[in-house]
Amino acid sequence: MGLSWDRVRSWREVKSMSWAGRNNAVDFPSHRAGHPVHPVVHPVRAHRRSRIQGDESDELVPQMGAMEATVLILDGEWRIIEGDPDWFDLWARRGYEFELTQGQSFKRYCEWCALWGAPEAVIPLEAMRAIDGGAEHFSRTYKVRQERRKLTVTTFSANGGRFAVFSRLDLTELFKLRRDRLRLEGKLTSALSSLISIRDDERERIARELHDGAAQCLVGIKLGLAHLRLKSGDPEVIATAADVSGMVEQYQADLRILTYMLYPPLLEQLGLRRALQALCATFTARSGIDIRLAAYGTAPHRACVVDAAIYRVVQEALSNVQKHASALRARVRLIERPDSVIVAVVDDGVGLDLSQNEGDAPPLGSGLGIPGMTSRAHELGARVVVHNRAGGRGTIVAASFPRQVW
Ligand SMILES: Nc1ncnc2c1ncn2[C@@H]1O[C@H](COP(=O)(O)OP(=O)(O)OP(=O)(O)O)[C@@H](O)[C@H]1O
Ligand SMILES: [Mg+2]
C-alpha cells in the first residue's frame, strides 16, 4: 500500500513513514509537484514501534518499541531537508566546529568530519555508500565513545525523486540494563544451585544419621527380641516378641526406603545412567512392571545437582507409574546433548484422570510428587511437562534441563 502525502500531517507521521512505508512510494498530490519537498511539519519527537531486525540488538526490540528515535530526512543528493535537533546538536556537543544546517550535503559533512577523525561520521558514511551502491535499507548497531547506537536508513521515492530517512536510537542505557540483568541472572542461578546443593548435603547428612543411629538401634531391638523369644518359655511372650519383631522389620524397610529417597548413594558411585538403570531394575522387581532405560548421546560434564534432579524426576514418575497407572510397561529415555539433557518417562497405563481438569494438565490433588519434581526442576531453569500420550494409552512425564544451569 502506498502512502498518500495528504495523510501525512505531522513530523511524527513523516518519521513513522520510515517504518510503515519502507520501500513504498509516497504519492504527492500534483499541485505540490513544483514545491521543494519540505513538509511543513512540527518537530515533534515520535514514539514509534521499531521493526528493526537482523542484528545483535534484536533481543532489545520490545524495549526499543518504547524509545525515541531521532530522525534526519535527506534528499537524493544527501542534502538535509529536515531533522530532529539532536542530529544537529550532537556534532556541536562533540566540539566539531562546522555547523550542520538544512540544505547542506550530509555526505560531504560526514566526509569532512571523518577526515578530522570523528568516529560519529563513520557509520552514516557507510550507510550512504551502501545506498549509493544500490541498497534500499541499512541498519547497524554500533558503539562510539562508550555509547551504543542503532542507525537505520530507509529510502523511499516521491515525485520522481529519492529520499532517505536516517533514524538513530540511543541504546546505551538498554545495553547497560541488559548487561546488569545478565549479571544478576548469573548470580541468581549460582545462588539457587548452591541452595539446592546445601539442601542435598543436609538430606545426605540426615540419611546418614538415620542409617547410623535409628537403623542400628532397630537392629539391636530385633536381636533383643530374638533373644527373648529364644529364652522365654511363655508362648504369649514369644508371640508378642514375634509381632513386635515383624513391626520392627516393617519399620526397617520403611527407614531403608526413606534414607534411600533422601540420598541416593548410587548416583555418586555409579553416575546418572547406571543409577537410573538400577532404579528401573528396583522398580521392576518391586512392581512387576517391565521398566527399561534407553540412553542416547554422550554425557557432558555437568553439576551433580542436575543429575540429582533428573534422578528425582524419574524416581517420582516411576513411583507414580507403580501407584496410579496400572501399566504393563514403562520406558525411561535419557537424551544427553551438549546444550541440554532431556529425560522422559512414558507408561502404557490408564493415563491421567482429567475429568476434574481443564485441558491436559495433571490432576490437581493433595499429592506432592508432581509439584515437588516441577519446583525442583524449575529451580534449575528446567521445564517439566506431565500429560497423557497423544496417540495411545498412558502418561508422559518429560523434563528438559538447559545447559546454562550446569
Ligand atoms: N503415571 C500416571 N498414571 C496415571 N495417573 C497418574 C500418573 N502420574 C500421576 N498420576 C495422577 O496424578 C496425581 C498427582 O500425582 P502426584 O505424584 O503429584 O501425587 P501422588 O502420587 O498422588 O502423591 P505423592 O506423590 O505425594 O505420594 C496422582 O494422584 C494420580 O492421580
Ligand atoms: Mg506421586
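One-based numbering along the sequence shown.
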Applying salt bridge (charged side-chain N to carboxylate O under 4.0 Å, His left out), name anything that partners [X], two or more places apart in sequence or on another chain.
X: Lys176; result: Glu173
X: Glu111; result: none
X: Lys143; result: none
X: Asp212; result: none

Rounded distance (nearest 0.5 Å) linking atom CG of Leu293 with atom CG of Leu334
6.5 Å
Roughly how far, to the nearest 0.5 Å, is the CD atom of Gln277 from the CG atom of Leu279?
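The CG atom of Leu279 sits 11.0 Å away from the CD atom of Gln277.
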Are the side chain of [X] and the backbone of [Y] linked by a donor-acceptor contact shorter than 3.5 Å?
X: Gln104; Y: Thr101; value: yes
X: Ser400; Y: Arg383; value: no
X: Arg337; Y: Val341; value: no

Note, Met373 side chain near Val397 side chain (heavy atom, < 4.5 Å)
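The answer is yes; the side chains approach within 4.5 Å.
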So do the side chains of Arg389 and Val346 get within less than 4.5 Å of each other, counting heavy atoms only?
yes
Are a donor atom and an acceptor atom from the side chains of Arg312 and Gln315 found within less than 3.5 Å of each other?
yes
How about His227: does its NE2 atom have over 12 heavy atoms from other parts shown lying under 6.0 Å from it?
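Count not over threshold, so no.
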Looking at every heavy atom in both Arg145 and Pro119, which two are closest together, and how far apart are they?
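Result for this residue pair: NH2-CD, 3.4 Å.
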Which residue pairs pass the side-chain hydrogen bond (donor to acceptor under 3.5 Å, both in side chains) test when at least one of the two sits in residues 122-132, sequence neighbours left out?
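Pairs touching residues 122-132 that pass the test: Trp78-Asp132, Lys107-Asp132, Glu126-Arg140.
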Residues two or more places apart in sequence or in another chain: which of them pass side chain to side chain contact (heavy atoms under 4.5 Å, CB included) with Gln322?
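By the side chain to side chain contact (heavy atoms under 4.5 Å, CB included) rule, Gln322 matches Phe283, Arg286, Ser287.
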